[in-house]
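The structure under discussion appears below in the form of structure tokens.
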Amino acid sequence: MDKDIYLSNSLGGNKEIFKPIDAKKVRMYVCGPTVYDDPHIGNARPLVVFDILFKVLKCKYGKSSVLYVRNITDVDDKIIEGAKLKNISIDKLTTNIIKRFNDDCDYLNCEKPTFEPKATENIPLMINMINILIQKNNAYENKSHVYFDVSSFKDYGKLSKKNVDELFAGARVEISENKKRSEDFVLWKPSKNEEPGWDSPWGRGRPGWHIECSAMSKKYLGDTFDIHGGGRDLLFPHHENEIAQSRCANENKHLSNFWVHNGFITISNEKMSKSQGNIFKIKDFYKKYNGQVLRLALMSTHYKQAMDWSEDLLIQSKKTLDKWYECQKKPEGKVLIPDEDLNPLYDDINTPGYISNIHKLYDKAVKGSDKDKEIFTTACNFVGLLTESKSKWNDFKNNTLEISEEVILQKLKDRNTARDNKNYELADKIRNELLDKGVLIEDKDDKTTWKIK
RNA sequence: GGUAACGUGGCGGAAUGGUUACGCAGAGGAUUGCAAAUCCUUGUAUCCCGGUUCGAUUCCGGGCGUUACCUCCA
């Protein structure tokens, strides 16, 4: 489609026309997981949001013209703590969690990014970047620690619209003995023997939290790229610090031209947090819901808004997909989604607006031709919905059932016998029994069929 | 306290300087032994107070409310 893509840019705070630096090589970096615990639905949101943005970008610029990099941070204090807590090796923990993460991505039907670099495989790049920052007087070493000197970077706070003086004047943050100012942040820190560490000019140690993204985005996307994405919580300090490191090391005006942040998921309007005990892991939904249900649920709110997670939301999403799967028809050959229907996605990834259009395409498809059904299905497929076969969708539901198919068929037989004898009381009783077990009966024409509620 | 985002019907949730999408739930109808499914029809909303304007839910100001962020170090 010729239409421009619009994106809300956290840098500046306005919705802008998206123009890539090079239309033949559109570059997006999204902050991936720190692999210390099972991914939760808060992690699921950026996965789906940026998966859709990836698809939209490919739609406009061509499949092979879009690079999508999502890092895996596999060295961090939280990982060290997590391994200790679970009493397993760090290696085992990160391997486990990376597997979980990949399973969750599959479950949510997210495409693989172009590159998924791991922090531990890029330590030399980080050391190199830290060296440059020290040389340029943007960083200093003290007692085997290296800190970034925030006062050396005049644009610090620009992304998150924070005034550095005000931010740290409150004296809420204690000044560490090792660093000059409270706002400075660590680039490198020493590791104890049992902790993971790498040799460096400042002794055996490990990188600070932010430097891995600066090093890896540079490696795969260069000094300046088009889009940097992640959750709202990363805006400060993580992205602010990334900008400081990268721009000082690379001496350029922008790290990324666009900064895109997705909002939070809340539970009963409270932020998910461990202390509240209200964290939902993605794998907790494996048995009860097809991943498509979560995907549609995550699309039902615009990515910038906070979204409240609820069982009701999932029930509605499931119901909608049930309806949509009835109308699924695999497109034969190339089918185009009408521009006017695609429009909302180009306008700042407006997924609710797009869903609305899918509903309209559905209305048309139900009454219309095979072609209409193919257009409807294509529109769903575009955002990763209705991609599995109808039988697979139904199989998933059957697997959640506690009653065997044999028993169901026998009950249907009994009921129809009762109906033939006009014993409607018994017939209704059987129907309600099955309904209690989640089996819904439909009398259509002369045939009785059943399905999972 | 500082900063930012948000406030739309019963619920979820878009859009918009002038008839306020879409879904769920509700109501009425067709159909049905009753249901289910499907189809048709349908009611209901822009937090409060000012300002700009012929006209504000939309723009501006104030208020109220909700939420988030305020690191690393510890």
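Side-chain atoms are counted along with the backbone in the values below, which use heavy atoms only and exclude waters and symmetry mates. The structure displayed is predicted, hence computed values, not measured ones. Below, chain A is the first sequence line, B the second, and so on; all start at residue 1.
Atom name P, nucleotides A68(B) and A21(B): the rounded distance is 32 Å, in whole Å. Separating the C1' atom of A56(B) from that of U8(B) is a span of 14 Å, rounded to the nearest Å. Taking atom P on both U16(B) and C6(B), the two are 13 Å apart, rounded to the nearest angstrom. Rounded to a whole angstrom, the distance from the C1' atom of A27(B) to that of G18(B) is 31 Å. Spacing of C1' atoms, U41(B) relative to U58(B), comes out at 31 Å, to the nearest Å. Going from the P atom of A4(B) to that of C54(B) covers 32 Å, rounded to whole Å. Taking atom C1' on both nucleotides, G10(B) is separated from U44(B) by 9 Å, rounded to a whole Å. Atom C1' of U31(B) sits at a distance of 12 Å from the matching atom of C40(B), rounded to the whole Å.
Pairing for U46(B) is absent, with no Watson-Crick or G-U wobble pair whose two atom distances lie under 3.5 Å. As the counterpart of C6(B), G65(B) is assigned, both hydrogen-bonding distances of the Watson-Crick or G-U wobble pattern falling under 3.5 Å. The pairing partner recorded for U53(B) is none, the criterion being a Watson-Crick or G-U wobble arrangement whose two distances lie under 3.5 angstrom. Partner assigned to C11(B) is G23(B), using Watson-Crick or G-U wobble distances below 3.5 angstrom. Both distances falling under 3.5 Å, in either a Watson-Crick or a G-U wobble arrangement, place C39(B) opposite G29(B).
When all heavy atoms are compared, the tightest approach of Pro196(A) to Ile90(A) is CD-CD1, 3.4 Å.
Nearest to the side chain of Glu442(A), among A36(B), C22(B), G33(B), sits A36(B). Checking A36(B), A14(B), C73(B) against every side-chain atom of Asp77(A), the shortest atom distance belongs to C73(B). Proximity note for Thr301(A) (side chain, C-beta onward) versus A14(B), A36(B), G23(B): the nearest is A14(B). Relative to the side chain of His359(A), the nucleotides G33(B), A36(B), G23(B) differ in distance, and G23(B) lies closest. Counting only heavy atoms from C-beta on, Phe236(A) has its side chain closest to U71(B) among A15(B), U71(B), G33(B). Set against C40(B), G23(B), A21(B), the side chain of Asp363(A) has G23(B) as its closest nucleotide. Comparing G33(B), U71(B), C22(B) against the side chain of Pro237(A) picks out U71(B) as the nearest.
Aromatic rings from Phe258(A) and Phe18(A) are positioned such that their centres are separated by under 6.0 Å. In this structure, Trp324(A) has its ring center closer than 6.0 angstrom to the ring center of His359(A).
Lys304(A) comes within contact range of no nucleotide atom at all, as no heavy-atom separation falls under 4.0 Å. Within 4.0 Å (heavy atoms only), Asp428(A) reaches at least one base atom of the nucleic acid. Contact annotation for Glu240(A): no contact, since no heavy-atom pair falls under 4.0 Å across all strands. Across all strands, Asp443(A) comes closer than 4.0 Å to base atoms (heavy-atom distances). Counting non-hydrogen atoms under 4.0 angstrom, His302(A) reaches the backbone sugars and phosphates but no base. Contacts of Lys422(A) with the nucleic acid, taken as non-hydrogen atoms under 4.0 Å apart, are absent. Phe264(A) comes within contact range of the sugar-phosphate backbone alone, with a heavy-atom separation under 4.0 Å but no base atom that close. Using a 4.0 Å heavy-atom cutoff across all strands shown, Ile441(A) reaches at least one base atom of the nucleic acid. Residue contacts shown for Lys323(A) are limited to sugar-phosphate atoms, with no base heavy atom under 4.0 Å away.
Between Phe153(A) and Phe148(A), the ring-plane angle classifies as perpendicular under the 30° and 60° cut-offs.
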Derivation and outcome, side-chain contact (heavy atoms from CB on, under 4.5 Å), residues His302(A) and Asp348(A)
CA-CA 9 Å; His302(A) 185 96; Asp348(A) 203 18; 3.6 Å; yes

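With hydrogens and angles ignored, a donor-acceptor pair under 3.5 angstrom links the side chain of Arg431(A) to the base of C34(B).
Under the 3.5 Å distance criterion, the side-chain polar atoms of Arg45(A) are matched with a main-chain donor or acceptor of Phe264(A).
Because its NZ or CZ atom is not both nearer than 6.0 Å to the ring centre of Phe376(A) and within 45° of the ring axis, Lys364(A) does not count as a cation-pi partner of that residue.
Proximity of Asn357(A) to the phosphate of C22(B): no side-chain N or O atom is located under 4.0 Å from OP1 or OP2.
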